[in-house]
> 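Sharing a structure with you now.
From a predicted model like this one, the values you see are computed outputs, not experimental measurements. In what follows, every chain begins at residue 1, and chains take the letters A, B, ... in the order their sequences are listed. Every heavy atom of this structure was used, including side-chain atoms; hydrogens, water molecules and symmetry mates were not.
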Number of protein chains: 2
Amino acid sequence: MDFTPVRRVNAYEQIVEQIEQGVATGELRAGDRLPGERRLMETFSVSRATVREAMRVLHATGLVDSRPGDPRGPVVLPFSPEVLEGPLLRMTRQEGASRAELLQFRLVVDGQAALLAAIHHREADLDQIDAAVRGLAELADAEEIDPAEFGTRLQGFHEAIRRASGNRLLEACGSAVGGALTELAQRRLETEVNRGLRVHRSADDAAALAERIRTGDTAGAQLAATSNIYRYYRDILTDDERAALEPMSGAVSDLGL
Amino acid sequence: MDFTPVRRVNAYEQIVEQIEQGVATGELRAGDRLPGERRLMETFSVSRATVREAMRVLHATGLVDSRPGDPRGPVVLPFSPEVLEGPLLRMTRQEGASRAELLQFRLVVDGQAALLAAIHHREADLDQIDAAVRGLAELADAEEIDPAEFGTRLQGFHEAIRRASGNRLLEACGSAVGGALTELAQRRLETEVNRGLRVHRSADDAAALAERIRTGDTAGAQLAATSNIYRYYRDILTDDERAALEPMSGAVSDLGL
DNA sequence: GACCCGATGCTGGCCGGACCAGTATCCCTT
DNA sequence: AAGGGATACTGGTCCGGCCAGCATCGGGTC
């Protein structure tokens, strides 16, 4: 007979698992309310400290939220892509992944998102993308350019494309890794001497990409997306990092850059 | 003047943030030890219950681990891709993403991983991949086929390719989404009538993919990877799901399947 | 001298009770 | 009918305590 290693299972973990289970099976759905802590300590027959520990990890994993004083009790949350962002950020900061890997991953995700967006090119999605493009152009033509604001809008533009891809996993991973990358690039834009030129070029690139998506140019959209992003970050890369990324975004040369 | 919304920050959250900060800045590195709970409650001047809640969320996010009785205190963990798996699994179960999206995402990730693996084709990585291929073939030729074991080894084969890609983000996302998908496909393989045929075909496909990676056939490796995976799951998809995925894995027809 | 073994002082796990600052509700006042 | 408090809750935090398990070290045995 074969034994299985014993699994230490703390009391609070059992509570977490039971509630996670409830969410997984659909028994608990987003918006549902859990009993208050005092009630839970009775149903699980544990102390309040234990149910609180369970609530803390459920809150940390984005499953529930609670407010003091709310007699309806903790609420079950809908899934949010933000829960992916934390782990991905950690991965970069804790040497789980280098900047080159991060950027490479983003090229893959956002390139694919652009491709899928070009396949679908649904009207509602295109409107969203165009709105984002107009927002970028408007800001680029302004007298004084706020780097942080431009970064936010550029982020929103990519966000719109990912949404148009129709794949929420791409959407979540893209925004997560995008958030991690902007943390690296933000300072660059702030200290940029020729800020106007760079901003204008980014806005133009965005418009060109949007056009490719609109016309259903799948391959072109993918190439434009990857090369746009690569060019945006190229200056802050070391030679080694560039060498690692060139093969992936063969797009760069294809567009004559 | 513009006000910023107040942010309720609980005591335990401050502890979590401080320790997360320490890990982010490199002040705390994997393997380092934190003071025991009784010491922490003094340095943060909070009660033990509060530091315990903080430790629970740090544990839930995979940052630290602790064992009762260990006088060295909680240990800081290295990053592990597994922390991504939880959120991704939740995403599928909580209608954050459909099966089709999940599979599409995997086609992108594992396709790209195969492509990158073919670019590098480092000898050490190839050895790992070949070992996995041999493991599959050996199992496919066995008298009695254990479906669970075959699933595990197939998983290991893809794992080896992702590792060979040199991108730990692809590796992490791939294994996470792979884990989520096998949960769906495992039962299928167990009830499969013509199990032997399917297993043999999968083993052969894996060998062909490995060969393309070895010879540096980048495009071929990517096509083989995506079409292998797609074919593996095709039977459990609905017509709608197939229609959504066909455009992405144009690979299927290219290989004459 | 080498080895075994138990006492001891630590660790985290869990409990019960308590107090506080908020919030929602209901009932009473105007 | 509208306003405004008392009230009964909520979660947030603290305290002090007990327990089981791990490490270490010292005292014993062979």
> It should be established whether A:Arg67 places a side-chain nitrogen or oxygen under 4.0 Å from OP1 or OP2 of nucleotide D:dG12.
no

> Whole Å only: how far is the CD1 atom of B:Ile15 from the P atom of D:dC14?
8 Å

> Rounded to whole angstroms, how far apart are CE on A:Met55 and C1' on D:dG11?
10 Å

> When the distance from CE of B:Met41 to C1' of C:dT11 is rounded to whole Å, what number comes out?
14 Å

> Between A:Arg38 and B:Arg8, which has a closest nucleotide on DNA chain C that is more 5'?
A:Arg38

> Roughly, in whole Å, what's the span from NE2 in A:His59 to C1' in D:dG11?
12 Å

> Tell me whether the side-chain N/O atoms of B:Arg39 come closer than 4.0 Å to OP1 or OP2 in C:dT11.
yes

> On the nucleotide C:dT23, are OP1 or OP2 found under 4.0 Å from the side-chain N or O atoms that A:Arg72 carries?
no

> What I'd like to find out is whether the side chain of A:Leu116 reaches to under 4.5 Å of the side chain of B:Gln104, using heavy atoms alone.
yes

> C:dT11 phosphate, OP1 or OP2: any side-chain N/O from B:Ser66 under 4.0 angstrom?
no

> Expressed in angstrom and rounded to an integer, what is the separation of A:Tyr12 atom OH from C:dG13 atom P?
7 Å

> Flag yes if more than 12 heavy atoms outside B:Arg48 fall under 6.0 Å of its CZ atom; otherwise flag no.
yes

> Which residue, B:Gly73 or A:Gly69, contacts DNA chain C at a nucleotide closer to its 5' end, judged by nearest heavy atom?
B:Gly73

> For side-chain contact (heavy atoms from CB on, under 4.5 Å), just list the numbers for A:Leu40 and A:Thr43, CA-CA rounded to whole Å, side-chain angles, deciding distance to a tenth of an Å, and then say yes or no.
CA-CA 5 Å; A:Leu40 287 176; A:Thr43 71; 4.2 Å; yes

> Return the value, rounded to whole Å, for the distance between atom CZ of B:Arg48 and atom C1' of D:dC18.
11 Å

> Rounded to whole Å, please give me the gap between CZ in A:Arg52 and C1' in D:dC15.
15 Å

> Pick the closest DNA chain D nucleotide for A:Arg56 and for B:Pro68 by heavy atoms, then say which residue is nearer the 5' end.
A:Arg56

> How long is the line joining CZ of B:Arg33 and C1' of D:dA23, in whole Å?
13 Å

> Looking only at heavy atoms, which two atoms of B:Ala172 and B:Leu84 are closest? And how far apart?
CB-CD1, 3.6 Å

> With a sphere of 6.0 Å drawn around CD of A:Glu17, does it hold more than 12 non-hydrogen atoms of other residues, nucleotides or ligands?
yes

